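Notes for the one structure printed next.
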Protein chains: 2
Amino acid sequence: MSELPPLRDLQLFASVDAQTLQRLARDAKVETFADGEVVFRQGDKAVFFVVVLHGYVKLSRTASCGDEALVNICTAGESLYEALTPDGAIYRVGAEAIGEASVLKLSAARFGGLLRDSSSLARAVIDEAARKISALISEVESLKGQNADQRLAQFILSLCPGGEDSCCFRLPYDKRLIAARLGVKQETLSRAFAKLRDIGVRTETRDIFVESVSRLAAECRGGDRHAHLPSERGDFLESRNVVA
Amino acid sequence: MSELPPLRDLQLFASVDAQTLQRLARDAKVETFADGEVVFRQGDKAVFFVVVLHGYVKLSRTASCGDEALVNICTAGESLYEALTPDGAIYRVGAEAIGEASVLKLSAARFGGLLRDSSSLARAVIDEAARKISALISEVESLKGQNADQRLAQFILSLCPGGEDSCCFRLPYDKRLIAARLGVKQETLSRAFAKLRDIGVRTETRDIFVESVSRLAAECRGGDRHAHLPSERGDFLESRNVVA
DNA sequence: CGCCGACTTGAGCAATCTCAATCATGGTGG
DNA sequence: CCACCATGATTGAGATTGCTCAAGTCGGCG
């Protein structure tokens, strides 16, 4: 139970009116989780609307046959909106902290009420949903149309800070999770990393060094086979606001 | 340009207040399309919020390398919400009629304004977004965790009318599209249909006869390997409303 | 030192794709 | 009525991709 941070700083609430923000703050609870701790389970009654404050929270859905599909990895400022069923009654996916993480919990019932009263809050939620949809469409697109190597290339690309054509940075979480996120087995991911080595992507445990971001971007579009149309950076991370 | 149908009858607008509905109707345009006609193109400026009135509209996204991933097939009462980018400026996917179809076009600018003024409309959009998210999560889940046979089984299952354990019905669109929807090639789909024949799913061109729906449901959970946890009907089609 | 977890690598296998041939089926024009 | 074609669907054979299982490496850390 740590201090309540200013809600205004969260992307989700950036343009919500002050009064609503104040009301939200009134019953907001902050909770911290250690690595691997469960935020909520798939099937639980959805009593809270949850927003990530810091760290990463993994959303995954386990099918009746037992295998688990990673749905998203949410980070600071994102809600766990996609965890809710369309009727908002239960969580359709489970949520678990990756590394230490803290979240904001808002009473779902009260949140629903504020949604009715505040158009800026409603708008914020609509924008948030649009971002989630956008990210999911990107995921479906890459699952259907790209092989493991290309998906990894795109993922790394999405992590590259803009600006320089060569860059280095650290992977946000371990390779087991990256594999799950890309929808492949760890062994396959490992081999994909090996292939990227040939086009100037060096990896050292968790550190990545990209020789040429543009070279990498070309890889996403299919190695060397085709090569036209302007590049378009994939959005494993997203931003902005929606509808009209 | 046909008659404007009562907006109230569309699932999307079912619980929107009368005044807003009236305002929506004021500038709503109905447009009809023949099979294969383009409703809008990927990258177009998003000047309309579009809702399907009847028939099917295919949403697909073509990557820079040219191959096209089917994102969704929308039917009566559904909006083409997921076509919008998070900032609502352009369409991130293209829309095309499958067979004859008609849609409602609402000025995006005006729609945005009404969204601010009417909490019931905002709520309707939030619910719609939640349904889209739910469907997309199901799709990601099945792409990551199931093979082609299981995906087809689940798809057919989602088309079975409830009630009887055996049933027959007609496929809503041709196998080319079903293949795209499931993310496999037509040949693979054809072989998957052949396998389902062994477990009592007979196909005659476009007509399907399912001997035992429960037998089919078992197939989705992994053929015969595992068999616990209560069944849960996949949602290629969805319904209901959201967020506490 | 020795174990453990995370990662890598190898070899064989299964699922899916690709390319190509074949088979309805429905419509068209003679 | 029939020959002919176009389209969608099926089937086969071989190439690819990714998976499984198993072994091996590497870096902490007790």
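What you see is a predicted model; the values in this text were computed from it and never measured.
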Ion pair R61(A)/E68(A), N-O distance below 4.0 Å: no

Measure CG/L152(B) against P/dT16(C) and give the value in whole Å, please. 11 Å

Which nucleotide, dT17(D), dC19(D), dT18(C), lies nearest any side-chain atom of K185(B)? dT18(C)

Between dG18(D) atom C1' and K144(B) atom NZ, what is the distance in whole Å? 16 Å

Measure the distance from CD on Q146(B) to P on dA15(C) and round it to the nearest whole Å. 15 Å

Can you tell me how far C1' of dT16(D) sits from CG of D149(A), to the nearest Å? 12 Å

Measuring from the side chain of R197(B) (C-beta onward, heavy atoms only), which nucleotide among dT10(D), dT16(C), dG18(D) has the closest atom? dT10(D)

Ion pair E78(B)/K132(B), N-O distance below 4.0 Å: yes

Which nucleotide in dA22(D), dT18(C), dA15(C) has an atom nearest any side-chain atom of E187(A): dA22(D)

Of dT11(D), dA9(D), dT20(D), the nucleotide closest to the side chain of R191(B) is dT11(D)

Is the closest basic N to carboxylate O distance between E139(B) and K144(A) below 4.0 Å? yes

Under 3.5 Å, side chain of D165(B) to main-chain N/O of S214(B), donor-acceptor pair present? yes

Rounded to the Å, how far apart are L171(B) CG and dG8(D) P? 15 Å

Do the side chains of E211(B) and R202(B) get close enough for a salt bridge, i.e. N-O under 4.0 angstrom? yes

Nearest-angstrom distance from the residue atom CZ of R151(A) to P of dT17(D): 13 Å

Tell me which nucleotide among dC19(D), dA15(C), dA6(C) gets nearest to the side chain of N147(B). dA15(C)

Within less than 4.0 Å of OP1 or OP2 of dT8(C), is there a side-chain N or O belonging to K175(A)? yes

Under 4.0 Å from OP1 or OP2 of dC7(C): is there any side-chain N or O of S190(A) that close? no

Rounding to a whole Å, what distance do you find between E204(B):CD and dA24(C):P? 13 Å

Give a yes/no on whether any side-chain N or O of T188(B) is located under 4.0 angstrom from OP1 or OP2 of dT16(C). no

Atom CG of D174(A) and atom C1' of dT8(C) are separated, to the nearest Å, by 15 Å

